[in-house]
There are 2 protein chains.
Amino acid sequence: MTTPLPRDPIADARRNWEDHGWTDVAAPMAAITAIMRTQQILLSRVEAILKPLGLTFARYELLALLSFARSGALPMNKASALLQVHPTSVTNAVDRLEKAGLVSRAPHPTDGRTTLIEITAEGRTLAKSATAALNAEVFSQSGFSPEDVDHLISILGRFRRDAGDFSDQDL
Amino acid sequence: MTTPLPRDPIADARRNWEDHGWTDVAAPMAAITAIMRTQQILLSRVEAILKPLGLTFARYELLALLSFARSGALPMNKASALLQVHPTSVTNAVDRLEKAGLVSRAPHPTDGRTTLIEITAEGRTLAKSATAALNAEVFSQSGFSPEDVDHLISILGRFRRDAGDFSDQDL
DNA sequence: GCAATATACTAGGACATCCAACGGTTTTGG
DNA sequence: CCAAAACCGTTGGATGTCCTAGTATATTGC
């Protein structure tokens, strides 16, 4: 990676906001910007681990989701809902996973509109390897202390619920 | 937006991890996934506000950065470093902002390799409007309590520093 | 029972991000 | 003082995300 900056650019942005009189929103702005940047860092770590396996994070997420499904299959729209991405993003991911022989499309037995995505044996094997790699290289050394992890899960869980991601009450 | 899911998909993923014996990394996995999803939600809110102004978040960030620079100008590589994105992303953003008359490129006075990005009067005006809109529509109603904001800034600040973003000691 | 509405997936297009490679410019070093 | 190395920005390509629109299938409602 590149040389670290001498100062935190987000802290600087916050100071700029305060200097311009937007004091009340300076802190939330900094928090939101920090989330954006943190996501970027984490995503690049994950992608670096998955790349040698021929996967991207988007494809891995779909593969992992299928591997945990009881039947190893899910309708496209269900996958879209669970992964919280646009249906066309799922189409895109399935296209590539299918081309790699990791999943296959099958018609839904009763609903002609629906397409089922099924994970193949190869897909299952690769999902296992990828999960092991991510566990060992990313999740086990996230850079967050256990307390930080708890805080993040709780803060972001409330946020996502309030944003309409899900309706669970138990947070 | 779509109907909320009955249950938190990230909490489900965490349970899956635990059921497979990856108990030690289940929580960090959940925290990281939550950051990814939260970023997605926040980005879409920001983009929705900027779209009517003809801006994207990437272009807004660059425009805002320039508007805060003393001289209203920055070298490309400096902007790349401060925004923490790849140089080609800056090239892309500048191309579009320039086409819209919001910034202009100028040669560096002493270093022939370097290109300066200068914000135009129009760019300055638009940056003001965009910041006002974001402050009013996003940052002032982030969905995070003041305590959450403090926690996030501190947790993510340490994380970004440890990840090599900057070398500040004062966190 | 059939037209109107809703749902599911996909095709095409706009943007953003990164990486690899290339052509200039500047700095380093022997 | 000139060749080698470092640095800067751009082009081209791969991926991902979303949106809009279009086709096909189901469900509704009169």
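Keep in mind the model is a prediction, meaning the values are calculated, not measured. Every chain is numbered from 1, with letters handed out A, B, ... down the list of sequences. Atoms considered below: every heavy atom in the structure, side chains included; atoms not considered: hydrogens, waters and symmetry mates.
Of the two residues contacting DNA chain C, namely B:Val90 and A:Asp95, the nearest-nucleotide position lying further toward the 5' end is that of A:Asp95. Remark on DNA chain D: of its neighbouring residues A:Gly112 and B:Leu116, the 5'-side contact belongs to B:Leu116, judged by nearest-heavy-atom nucleotide. Position along DNA chain C of the nearest nucleotide to B:Ala93 versus A:Met76 favours A:Met76 as the more 5'-ward residue. Each of B:His86 and A:Arg59 was matched to the nucleotide of DNA chain D holding its nearest heavy atom; the match closer to the 5' end belongs to B:His86.
Here D:dC18 presents its P atom at 11 Å from CG of A:Leu83, a figure rounded to the nearest Å. Remark: C1' of C:dC18 and CZ of A:Arg37 are 13 Å apart, rounded to the nearest angstrom. Taking atom CG on A:Leu43 and atom P on C:dC19, their separation rounds to 11 Å, with Å as the unit. Protein atom CG of B:Asp111 is 11 Å distant from nucleotide atom C1' of C:dG24, rounded to whole Å. Regarding A:Asn77, its CG atom lies at a distance of 14 Å from the P atom of D:dA26, rounded to whole Å. Per the geometry, CG belonging to B:Asn92 stands 17 Å off P belonging to D:dA14, to the nearest Å. Atom NZ in B:Lys99 sits about 12 Å away from atom P in C:dA14, given to the nearest Å. We find that CZ of A:Arg113 is positioned 16 Å from C1' of D:dG22, with the value rounded to whole Å.
Using a 4.0 Å heavy-atom criterion, one finds that A:Glu47 contacts no nucleic acid atom at all. At the heavy-atom level, A:Thr110 lies under 4.0 Å from the strands shown only through sugar-phosphate atoms. Residue contacts for B:Thr91: at a heavy-atom cut-off of 4.0 Å it reaches a base atom on one of the strands shown.
At a cut-off of 3.5 Å, with distance as the only test, a side-chain donor of B:Ser154 or B:Arg158 sits close to an acceptor on the other residue. Side chains of B:Glu147 and B:Ser145: a donor-acceptor N/O pair is present below 3.5 angstrom, by distance only.
Distance from the side chain of A:Gln40 is smallest for C:dT17 among the nucleotides C:dT17, C:dC9, D:dC18. When the nucleotides C:dC18, D:dG16, D:dT17 are ranked by their closest atom to the side chain of A:Arg96, D:dG16 comes out on top.
Each of A:Val90, A:Leu66, A:Leu116 was scored for a side chain to side chain contact (heavy atoms under 4.5 Å, CB included) with A:Leu74, with one residue passing: A:Leu66.
B:Ala79 and B:Leu65 make their closest contact through CA-CD2, 4.1 Å (heavy atoms, listed as atom of the first residue, atom of the second, distance).
Using modelled atom types, no side-chain atom of B:Ser80 and backbone atom of B:Met76 make a donor-acceptor pair closer than 3.5 Å.
Proximity of B:Thr114 to the phosphate of D:dC8: no side-chain N or O atom is located under 4.0 Å from OP1 or OP2. At C:dA8, none of the side-chain N or O atoms of A:His108 fall inside 4.0 Å of OP1 or OP2 (strictly under the cut-off). For D:dT10, one of the phosphate oxygens OP1 or OP2 lies less than 4.0 angstrom from a side-chain nitrogen or oxygen of B:Arg105.
Classified by interplanar angle (parallel below 30°, tilted 30° to 60°, perpendicular above 60°), the ring pair B:Phe68/A:Trp17 is tilted.
Residue-to-nucleotide contacts include a donor-acceptor pair under 3.5 Å from the side chain of A:Thr88 to the base of D:dC19.
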